Amino acid sequence: MPKSYLGDLEQMILLAVMRLGDEAFALAVLRELDREVGRKVSRGSLYKTLERLREKGLVTWRTEDGTPERGGRPRRMFSVTPPGIMALTESREALLTLWHGLATALGGERG
Amino acid sequence: MRRERRDREPPRLAEWVLERSVPRGRAGQSVVGDAREEFQAHLDSTSHVPPALWYWLHVLPIAAHGLVFGLGASPGSIPGTLAAAGRDLRLAARTLTRRPGLTAAVVGTLALGMGGITAAFSIVSAVLLEPLPYDEPDRLVGVYRFRTDMAGGAPPASAAGQSYSVSPVTFRDWQQGGRAFEAMGAFEGVSYALGTPSGPVRISGVNATSGTFRALGVQPLTGRLLLPRDDEIGEPRVALLSYGLWERAFASDPEILGRTLSLDGVAHMVVGIMPPGFAFPYEGVDVWAPLPESRRAWPTRSGGFLQVVGRLAEGVTTAEAQREMTALQAQLADAYEGERDRGAKIYPLRELQVAQSRPGLLLLLGATTLVLLIACANVTNLLLVRAVERDHELAIRTALGGGRLHLAAQLASEGIVLALLGGGAAVLVAATGVRPLLSLLPVALPNASAVRVDGTVLTFAVLMTITVGVLTGLGVALRTTPSHAGSALRQDSRGSAGGGRNRSRTLLAVVQMTLAFVLLSGAGLSMKGFLGVAALDPGFDSADRLAMRVLLPEEYRDDSAAVSGFFEDLTERLSSRGDVAAAGSASQMPYSGGTSFPPASFETADGVVNAAVHSSAVTAGYFDAAGIRLVSGRLLTREDRAGTLPVAVVNETLARTYWHDESALGHRLRLDLPGDSVWRTVVGVVADVRYGFGWAPFPEFYSTVEQRSLWYQTVLVHASGDPASVSEAMREALWALDPGIPATVRTWDELASQSRGFALARFGSIAMAFMAGLAAVLAVVGVYGVIAFTVRMRRHEFGVRVALGGSLPGILRGVLMEGLRLATAGIVVGLATVLAADRFLDPSLFPAGTRDPITLGAVALLLLGTGLGASVLPAFRSTRVDPVRTLRSQ
């Protein structure tokens with residue numbers, strides 16, 4: 001079976017979840033992506049992508065009990081699974097391989 | 001407050017939609033929780049987007065994602081069952097993006113149609129549907145006194161607010177005897193001169209008893225309300241400020257409580273500030289104060305000036321309270337002469353406040369509904385045209401075994417996607433358009449400050465969008481599904497217009513024409529009614545007239561010589577100027593000072609007759625200044641003073657009413673007021689004057705201000721020179737006599753054009769004309785669409801006819817006739833509708849009814865021209881058919 005790589009939104013969301021550590025719930029991921037790389041993601045796409053990542057086994061979640069400002073509804077805290085970390089690494093390596101030797105042509109500094 | 005708490009919660013319907021479109025279980029719940037958390041953050045931010053609108057805009061995309069793509073759809077959940085529908089919607093969206101022009105036309109049409117009705121609904125919702133902004137508003141009532149000896153009994157709620165006032169003596173009896181009430185208060189609207197460092201300013205005030213505030217159940221923003229001790233004579237004068245006045249005149253000074261301000265030259269201590277949005281009894285009141293002593297000490301039961309508001313006791317119904325008040329009033333009538341033939345009538349407060357605006361608002365809602373229907377017909381038509389173009393595709397799919405149901409569902413999806421886009425745009429149109437629309441409305445609607453696009457309005461918009469989507473979608477689906485795939489394939493190759501579908505398009509065009517006819521006639525009739533009323537002879541001449549309302553401060557009021565001297569002096573000073581043709585003053589004049597109907601008696605051939613008639617106290621120069629024509633006898637002069645024979649001048653209507661064909665001169669009449677019941681001899685008859693826009697003249701008499709001293713007068717000047725310098729002179733002349741009185745000079749025309757009746761009538765006709773114009777444009781597009789399409793589908797036929805030697809003018813005529821046929825059919829049906837509607841229409845909106853051949857004829861001609869015009873372009877195209885190319889393309 002051929003290897004399948006992660007889409008860029010999937011990569012970004014996985015990375016954001018990792019950066020947030022214990023604080024990785026959906027709204028925090030949105031804010032992290034906006035703040036760090038200026039990427040505005042619609043809530044619908046975010047939930048959909050997180051769901052797809054969960055189906056692939058790349059993220060997992062547990063729930064925290066709700067607060068009054070959430071109307072008592074639970075909050076989902078996400079974390080990246082070992083297969084998720086592996087997928088990220090593979091995607092990164094694949095990209096680096098392809099980038100090799102192109103940096104000068106594209107105006108970058110290093111190969 | 002209640003509203004506050006509700007606003008901290010997201011709109012319930014939106015949350016329900018979200019909950020139903022996410023998966024069940026904790027994962028889905030967490031999505032709803034996220035939305036709520038963001039909503040709370042939005043509430044605390046400084047954003048100007050209304051929270052409810054923000055939440056809808058936030059939630060709909062998530063819900064759409066959930067429904068269309070499934071946020072982890074589990075079997076059995078709504079996302080699972082809707083997955084198929086989601087595929088259809090996605091396909092529909094893709095199909096529509098391939099035709100951006102058509103999509104934009106449809107969405108634009110729907111946005112206008114749905115935006116109009118959404119804006120109208122948001123006004124109706126705030127004014128007619130929202131409960132009054134008080135605690136348990138259903139228990140609030142207004143109590144009015146009316147004459148039982150007049151025909152018709154108690155007046156309807158829409159008329160109750162204008163007259164039928166109560167005197168303080170009667171009010172106290174009611175208050176003590178009314179067991180059905182938890183609290184009862186009385187108030188009168190007044191105008192105050194507020195002393196400011198830069199001179200006195202006129203502000204709107206209300207004098208009220210403390211019970212008024214207890215009945216309403218309101219709380220002040222800071223300080224206290226009026227208390228029972230403020231109702232006592234001899235207490236220091238206090239005042240409550242409106243939030244607006246506090247901001248405007250005192251820069252929101254937090255130290256204002258306990259300070260004094262000057263109202264009509266009398267010091268009042270500020271004891272409280274009312275919260276923003278508190279507008280009782282109407283919008284724009286700046287200050288509330290206890291009744292002045294002279295008003296509280298009013299000795300009689302007649303000549304009342306108070307309105308009464310009450311809160312029913314717990315569990316008491318309006319009918320029970322009415323029974324109690326009727327019994328109480330019957331006791332009073334037995335005990336006191338002044339209460340004879342007087343009844344008490346209870347109205348729900350809400351009814352009193354909205355009764356006048358209801359017919360106009362419902363008309364607005366009705367007109368926007370018609371526009372929406374026309375827009376829907378247009379969209380269905382456009383989609384039908386498109387569906388025919390796709391006949392071939394659909395026929396092949398059917399032939400290949402595509403289920404009819406599935407094809408229909410897919411076509412319906414397109415209608416729904418278009419409706420969703422249109423509905424979204426409509427909410428934006430309404431949200432941005434409703435404020436400008438309201439500012440066009442010259443009259444303050446009750447609760448107008450609460451008009452906004454809120455949860456109720458959005459719910460309405462969502463339901464309407466779904467309805468429109470299903471209707472247009474279903475309409476298209478039912479008409480388009482090819483029942484005979486084979487025949488569709490054959491038809492397509494021949495390129496002629498399909499019979500059944502063409503019929504439904506024609507029908508739609510006729511419906512549009514009908515609706516356009518109805519709207520245009522409505523606009524024409526209301527415009528004509530407006531112009532007809534505007535053309536009535538008002539009985540006075542308002543050209544070059546400047547008016548200044550002068551209310552003398554309390555220290556003058558008890559001294560009748562001082563009052564009359566003041567106004568005679570002032571008007572004489574002004575009339576001696578070279579640039580003034582005449583000057584006078586009157587307690588009541590058209591469009592200024594309201595109306596006054598004190599009880600009076602008349603000596604007639606049948607003995608003494610009692611009636612309430614309009615009366616005004618004037619200075620001698622008033623008739624000249626107002627241009628009121630003398631019919632017989634003489635006008636009032638300065639010689640008709642306090643010591644001489646009391647005289648009166650009556651209008652023609654009064655003379656006719658009481659003395660019929662006899663001359664009125666020499667007959668006598670008198671007022672039945674405390675301290676003023678001398679017989680006055682009629683010395684002159686003047687022409688009738690209309691006091692309001694479109695009003696009928698009522699019986700009226702005038703007396704001089706010397707013989708009937710009234711401290712409130714409007715000074716009226718007929719300027720022969722530069723109005724600006726005359727108006728300056730008016731202010732200077734007033735301030736030379738007393739610099740503490742506020743002076744605002746307006747032209748009479750200005751006052752007239754701002755009067756409620758005129759402004760409402762004008763707004764009504766403008767709004768109707770606008771809607772009718774929109775309807776006409778949409779109808780033209782509809783007719784054009786049908787004819788253009790027919791021409792296109794019949795190209796082949798035209799080509800053959802031309803090739804066989806058929807005449808071009810013949811073809812041209814045929815196409816033009818088709819446009820005329822559509823228009824005529826629409827006009828006939830529309831005419832029948834308009835004539836049938838005649839007896840259901842509110843006569844206050846259409847005083848002349850709808851049977852007006854000139855207006856209807858003009859509208860019919862206009863639409864015939866429109867139908868013809870819409871077919872000219874397609875007809876012209878039909879003549880350019882190249883027979884060779886058409887035939888070769890087979």
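The shown structure was predicted, so the numbers you read here are calculated from the model rather than taken from an experiment.
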Of the backbone (N, CA, C, O) and the side chain (C-beta and beyond), which part of B:Ala41 lies under 4.5 Å from a heavy atom of chain A, both, or neither? neither
Mutual orientation of the aromatic rings belonging to B:Phe39 and B:Tyr55 [parallel < 30°, tilted 30-60°, perpendicular > 60°]: perpendicular
Does A:Met12 form a side chain to side chain contact (heavy atoms under 4.5 Å, CB included) with A:Leu15? I'd like the steps, not just the answer. CA-CA 5 Å; A:Met12 284 188 180; A:Leu15 291 168; 5.7 Å; no
Report yes or no: does A:Thr81 contribute a side-chain atom to a donor-acceptor pair with the main-chain N or O of A:Gly57 at less than 3.5 Å? yes
Looking only at atom types and distance, does a side-chain atom of A:Arg70 sit under 3.5 Å from a main-chain N or O of A:Pro74, one as donor and one as acceptor? yes
Report the option among B:Glu15, B:Gln29, B:Arg26 that has the most heavy-atom pairs separated by less than 4.5 Å from atoms of chain A. B:Arg26
Measure B:Gln40 against the heavy atoms of chain A and call it side chain, backbone, both or neither at under 4.5 Å. side chain
